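For reference, the structure is listed below as structure tokens.
The shown structure was predicted, so the numbers you read here are calculated from the model rather than taken from an experiment.
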Amino acid sequence: MAWPILVFDIETLPDVAGWRRLNPASPDLTDAQVHAQWKAERAELGKSDFMPLYLQRILVISCVFRNAEGLRVHSFIDRDGQSEGRIVQTFFNTIEKHEPQLVSWNGSGFDLPVLHYRGLQHGVVADKYWDMGEGGNASDREFKWNNYISRYHLRHLDLMDLLAKYTPKNNAPMDAMAKLCGFPGKLGMDGSQVHAQFLAGKTEDIRRYCETDVMNTYLLYCRFQKMRGGLTEAEYDQEIRFVKENVSTLAAQEPHWQEYLQAWN
């Protein structure tokens, strides 16, 4: 199991302002009214009211970062509604600096495409992330055969996609797999509730929910590494104890980690 490891997850909101730029809407209508109109029209057609990925605005990017120095949990948050470009750039700067093993659950199907679209809109620069080995030096050659972009390379490991053998009908929910493996799973809310929670002023609750999601994903990644021989049984047990010790430390600082630890125990 190669360090550093960066497990990530995002939480998004419907980009109503973006939708208004692409579709005629009365200037007298508020964003809430425009979004309600969109949902009603979709319901009449029997279609999902989840806006397409290019119209998902990123609110939170949460990460578990594991290296030889320890384990850290951190979130990048657009608290003022004006900082989306900055938090996306900061996320890609982290990849640029550390060149980590990226780990996600459905990152190829959702998180990364959204990050691509929003990064493109905000003029984000992400050289190392987009490196596919076109140059001539040793590093470039390494990225030719193992980069973040190619689906079947493992520099970005989408656990859900891989475990499903790259067959969408086989996909499993992260919450279910975490609980089946003895981990806490989701706490407090799920992705379908994020927008309502945001409108209720609960951005910090969304951040906490996102952080526990990435912790679940890291624990599943450790279990996967044991299955594939990346960790021995003893190494896996040691890592799980290490994570639980870190969560215990976090629980002394924030209540959502107390709830997480209680669910785990």
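- Closest of all the heavy-atom pairs between Ser83 and Asp78 is N-OD1, 2.8 Å.
- Inter-residue side-chain proximity for Arg155 and Glu142 is flagged as met; some heavy-atom pair is nearer than 4.5 Å.
- Listed for the Asp9 side chain is no donor-acceptor partner under 3.5 Å among the backbone atoms of Asp213.
- Partners of Ala36 under the side-chain contact (heavy atoms from CB on, under 4.5 Å) rule, at least two apart in sequence or in another chain, do not exist in this structure.
- A pairwise comparison of heavy atoms in Ile77 and Arg86 identifies O-NH2, 3.9 Å as the closest pair.
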Can you list the steps and then say if Ile61 with Leu115 is a side chain to side chain contact (heavy atoms under 4.5 Å, CB included)?
CA-CA 10 Å; Ile61 309 172; Leu115 284 158; 3.9 Å; yes
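- Glu239 and Tyr218 share a side-chain donor-acceptor pair at under 3.5 Å.
- Proximity of Val194 to Leu13: side-chain heavy atoms (C-beta onward) are separated by under 4.5 Å at one or more points.
- Proximity of a side-chain donor or acceptor of Ser150 to a complementary backbone N or O of Asn146 within less than 3.5 Å is not detected.
- Remark: Arg241 does not engage Asp237 in a salt bridge, criterion side-chain N to carboxylate O under 4.0 Å.
- Inter-residue side-chain proximity for Leu6 and Phe91 is flagged as met; some heavy-atom pair is nearer than 4.5 Å.
- The local environment of CD in Gln33 is crowded, with over 12 non-hydrogen atoms from other residues, nucleotides or ligands closer than 6.0 Å.
- Counting heavy atoms from C-beta on, the side chains of Leu55 and Leu22 come closer than 4.5 Å.
- A side chain to side chain contact (heavy atoms under 4.5 Å, CB included) with Glu84 is found for one member of Val124, Ile58, Leu59 and no other, namely Ile58.
- Under the 3.5 Å distance criterion, the side-chain polar atoms of Trp145 are left unmatched by any main-chain donor or acceptor of Gly133.
- Leu187 places none of its side-chain heavy atoms less than 4.5 Å from the side chain of His256.
- Between Cys181 and Leu220, some side-chain heavy-atom pair lies under the 4.5 Å cut-off.
- Using the six-membered ring where Trp is involved, Tyr221 and Phe224 have ring planes that are tilted, between 30° and 60° apart.
- Put simply, CD on Gln225 and CD on Gln101 are 7.5 Å apart, with the number rounded to the nearest 0.5 Å.
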Check step by step if side chain to side chain contact (heavy atoms under 4.5 Å, CB included) holds for Arg66 and Val7.
CA-CA 8 Å; Arg66 175 70 164 109; Val7 188; over 6 Å; no
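- Using cut-offs of 30° and 60° for the angle between ring planes, the Trp264 and Phe183 rings count as perpendicular.
- In this structure, the side chains of Gln262 and Gln258 stay at 4.5 Å or more apart for every pair of heavy atoms.
- By the 6.0 Å contact criterion, CZ on Arg21 is open, its count of non-hydrogen atoms from other residues, nucleotides or ligands being 12 or less.
- No side-chain donor-acceptor contact under 3.5 Å links Asp158 to the backbone of Trp105.
- Side-chain contact check for Asn93 and Gln89: at least one donor-acceptor pair (N or O, by modelled atom type) lies under 3.5 Å.
- The main-chain N or O of Tyr166 is never found under 3.5 Å from a side-chain atom of Asn170 such that the two would form a donor-acceptor pair.
- Taking 4.0 Å as the cut-off between side-chain N and carboxylate O, Arg208 and Glu211 do not count as a salt-bridged pair.
- Closest approach of Phe242 and Gly70 over heavy atoms only: CZ-CA, 3.9 Å.
- Contact annotation: the side chain of Met189 approaches that of Ile206 to within less than 4.5 Å [non-hydrogen atoms, C-beta and beyond].
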Step-by-step side chain to side chain contact (heavy atoms under 4.5 Å, CB included) determination, Ser248 to Leu261:
CA-CA 7 Å; Ser248 297; Leu261 191 62; 3.5 Å; yes
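- Sorted by first and then second residue, the pairs that involve residues 63-82 and meet ring-ring contact (aromatic ring centres under 6.0 Å, His included), not counting sequence neighbours, are Phe65-His98, His74-Phe76.
- Using a 30° and 60° split on the angle between ring planes, Trp130 and His116 fall in the tilted class, from 30° to 60°.
- Across all non-hydrogen atoms, the minimal contact from Gly107 to Pro113 is O-CD, 3.4 Å.
- Formation of a donor-acceptor pair under 3.5 Å by the Asn216 side chain with backbone atoms of Gly185 is found in this model.
- Remark: side-chain polar atoms of Asp175 are paired, donor with acceptor, to backbone N or O of Lys186 under 3.5 angstrom.
- Counted by atom type alone, Gln121 and Tyr117 present zero donor-acceptor pairs between their side chains at under 3.5 Å.
- No hydrogens or angles considered: nothing links the side chains of Asp15 and Tyr54 as a donor-acceptor pair under 3.5 Å.
- Within the 3.5 Å criterion, the main-chain N or O of Lys165 finds a donor-acceptor partner in the side chain of Thr167.
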Apply the test side chain to side chain contact (heavy atoms under 4.5 Å, CB included) to residues Glu96 and Val125: give CA-CA distance (whole Å), side-chain angles for both, the deciding distance (0.1 Å), then the verdict.
CA-CA 10 Å; Glu96 183 78 20; Val125 176; over 6 Å; no
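- Closest non-hydrogen pair, Ile10 versus Asp111, comes out as N-OD2, 3.0 Å.
- Tyr129 pairs with exactly one of Phe92, Phe8, Phe143 by the ring-ring contact (aromatic ring centres under 6.0 Å, His included) rule, that one being Phe92.
- In this structure, Gln253 places its CD atom where more than 12 heavy-atom neighbours from other residues, nucleotides or ligands lie under 6.0 Å away.
- Under the 6.0 Å distance and 45° angle rule, Lys202 does not count as a cation-pi partner of Tyr209.
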